[in-house]
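Residue numbers begin at 1 in each chain, while the letters A, B, ... track the order of the sequences.
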Amino acid sequence: MFLRMIRGTLLRQWKKMLMIAFTIALGASLASAMLSVMLDVGDKMNQELKTYGANITVVPKASSVLNDLYDVEGDTSGTYLREDELGKIKTIFWAFNIVDYAPFVSTQADLPDGSEVKLTGSWFNHHMELPTGETLDAGICSMRSWWEITDGTWLDEQTMTEEHSAMIGAALAERLGIHAGDTLHVDGTEAALDLHIVGVYDAGGDEDEQIYAPLHTTQTLAGLDGKIDSIEVSALTTPDNELAERAAKDPSSLTVSQYEIWYCTAYASSICYQIQEVITDSVAAPVRQVADSEGAILEKTQLLMILITILSLIGAALGICNLVTASVMERSSEIGLMKAIGAQNGAVSGLVLTEIFLTAIFGGVLGFFAGFGFAQIIGHTVFGSAISLKPMVIPITAVLVVLVTLAGSIPAIRMLLRLRPAEVLHGGH
Amino acid sequence: MSLLELRNIYKIYGDLHALDDVSLTVEKGEWVSIMGPSGSGKSTMMNIIGCMDKPTKGEVLLDGVNIAKESAKNLTGIRRDKIGLIFQQFHLVNYLTAVENVMLAQYYHSMPDEKEALEALDRVGLADRAKHLPSQLSGGEQQRVCVARALINYPEIILADEPTGNLDEANEEIVVDLFHKLHNEGTTLIVVTHDPEVAEVAQRTLVLRNGKLHKEVINQNFTGKIQFEDRQEVQPHA
Ligand SMILES: Nc1ncnc2c1ncn2[C@@H]1O[C@H](COP(=O)(O)OP(=O)(O)O)[C@@H](O)[C@H]1O
Ligand SMILES: [Mg+2]
């Protein structure tokens, strides 16, 4: 009987029920899309932000902050890192999360026109055979991928023909009237070399006034064989939590099991810690700026998504409210009759709620799949990759649909409870 | 003890006395008509007897229980168990078949029983229309479905508010005949009507005017059969 009643209503009021299902589907699709993106976006955002460069820098313990500030000359022990230890970075526990890294060494050199220039040595596409048998081409070719080559090509360490090649910043190249293929004489602190310019880059910053050369060339000019200033590391990290923050301040404050968890999780701080373990007298730290802006962007994006979700759910609730109220009003004499022949309030509200919930389930399932599709569109346009389905999204969406449907049905149910059969049944005569 | 007793009932809307000090007693098995001009309070009285409304003042004793004091929930229960309702506008659920409409009353009372519902339809002469939707039935047939629905749970009283108001003469006669049958079986009937011919077939006619009981007529030669003599004379001119 109950089923016949429900079938009857659903068939007779199918337009209204379809509208209700559609409204719920709309709300559910937005909610599930936002949830899918939100839950998946942490990883996506990390990968996205990684392309903006290093997220960990390694400097000597007797930090070169002084050097940078006062340009202190001279070789004090502990102000350089050792080039021969670079390979060890790919041997740490989280080696697989290290996607790229490059060493840097800088010096000042005189140009033929008498001006002084900052010359930086680094890896361009340094080829490494790792102890694990893998190979890795690391260096600024990939870590400075946003550089625009305005003339010539990237410097290729493997096919380099001249002994001393280099790349020059666009601003400096223009000032000196230098093009790819030209030779530039530079006078370093220890030696003078003729650099073969293979490319001109536009970095959009200070680097446009500098010269980048292979590590070995720069070390020769500055007399710093085997020494480096800093290392930039690009690593995939897990967003920090309270444990990671505590550990970053002082790993020894953790209990053994906490330490274990921390050490074996790819937090930026635990990766830094492990890098310090393998590079002598080094200090590794997350690049604050990147890490902070990463967090800020993530927070803002999530806030925006939560707002969209809440607004769409409120909208859905209001829409449902209208539709369900209209549906109950349309049936007021039928509901009055049921009460007149003995249906208690509970039975009538049960009937109406069942109808609405059947409709809501239909709409919710529809909306969920639509939302997942919608999330894929967002994933592809914003992050350039698919959004994976997190199982969490299903129960959360279901709970939201139930809450929204209930909230939207409240006014109609209240009306239904207040409805007195005498008023509707004897009307109109 | 009388089945139904109204003691000094008032129903007041603002300063309108829809019922103004009405007292009335109905015995078990009686067939009572209520007449009166439009707005005289007939429906108001039926609603109060039918547990769908409460009087502003006064007592309503149904089977010795003062229903004027009961909660809405209990009133629904009393209505379900003791009262069968028939309305002028039928009020059938239009997506349920005739037999399902009868079963709906069983459903809210206890358990739907299709066999019993079919028997009830048979009693009102609609066995062959059981699977029809209300829209496929004539007005008279719809009202007969309503009669079947009203009697399915063996109510103590059947309340009919202008049951023939929307029916033609032939159907009116069929419905009145059904009432007669129910009366013979011992059912208590209270029938509101505009129509003197329908009123006269009852044992007793109460006339309401401005919410007051204006007069009470005992039908001396009660037959329970409707007489159309007057109207048959009038009809050719209509
Ligand atoms: N809910 C109500 N609110 C105000 N006045 C009402 C209400 N119900 C009925 N009335 C008034 O009470 C009087 C009696 O109505 P009713 O019992 O329906 O008359 P009838 O004898 O035609 O069935 C009428 O004047 C009607 O307007
Ligand atoms: Mg009336």
Q.
Can you tell me which of A:R7, A:M338, A:E334, A:Q344 forms the most heavy-atom pairs within a distance under 4.5 Å of chain B?
A. A:Q344
Q) Quick one: what part of B:Y108 sits under 4.5 Å from any heavy atom of chain A, side chain, backbone, both or neither? A) both
**Q.** Within 6.0 Å of CZ in A:F374, more than 12 heavy atoms from elsewhere
**A.** no
Q | Top of A:G336, A:A347, A:A340 for chain B proximity - count of heavy-atom pairs under 4.5 angstrom | A | A:A340
Q | Positions in residues 45-66 of chain B that reach chain A, provided some heavy atom is under 4.5 Å away | A | B:N47, B:M52, B:D53
Q.
Take a 6.0 Å sphere around CZ of A:F22 and say whether it holds more than 12 heavy atoms from other residues, nucleotides or ligands.
A. no
Q) Contact part of A:R420 toward chain B, heavy-atom cut-off under 4.5 Å: side chain, backbone, both or neither? A) side chain
(Q) Tell me if the CZ atom of A:F357 is crowded by more than 12 foreign heavy atoms within 6.0 Å. (A) yes
Q: Kindly indicate whether the side chain of A:P421, heavy atoms from C-beta on, has any atom under 4.5 Å from the side chain of B:R79.
A: yes
Q | Portion of B:N94 that has a non-hydrogen atom of chain A nearer than 4.5 angstrom | A | side chain
Q | Enclosure of A:N345 CG (heavy-atom neighbours >12, cutoff 6.0 Å) | A | yes
Q: Let me know which of B:R80, B:H91, B:R149, B:H109 forms a side chain to side chain contact (heavy atoms under 4.5 Å, CB included) with A:I341.
A: B:R149
Q | Interatomic distance, B:L85 atom CG to A:L337 atom CG [nearest 0.5 angstrom] | A | 8.5 Å
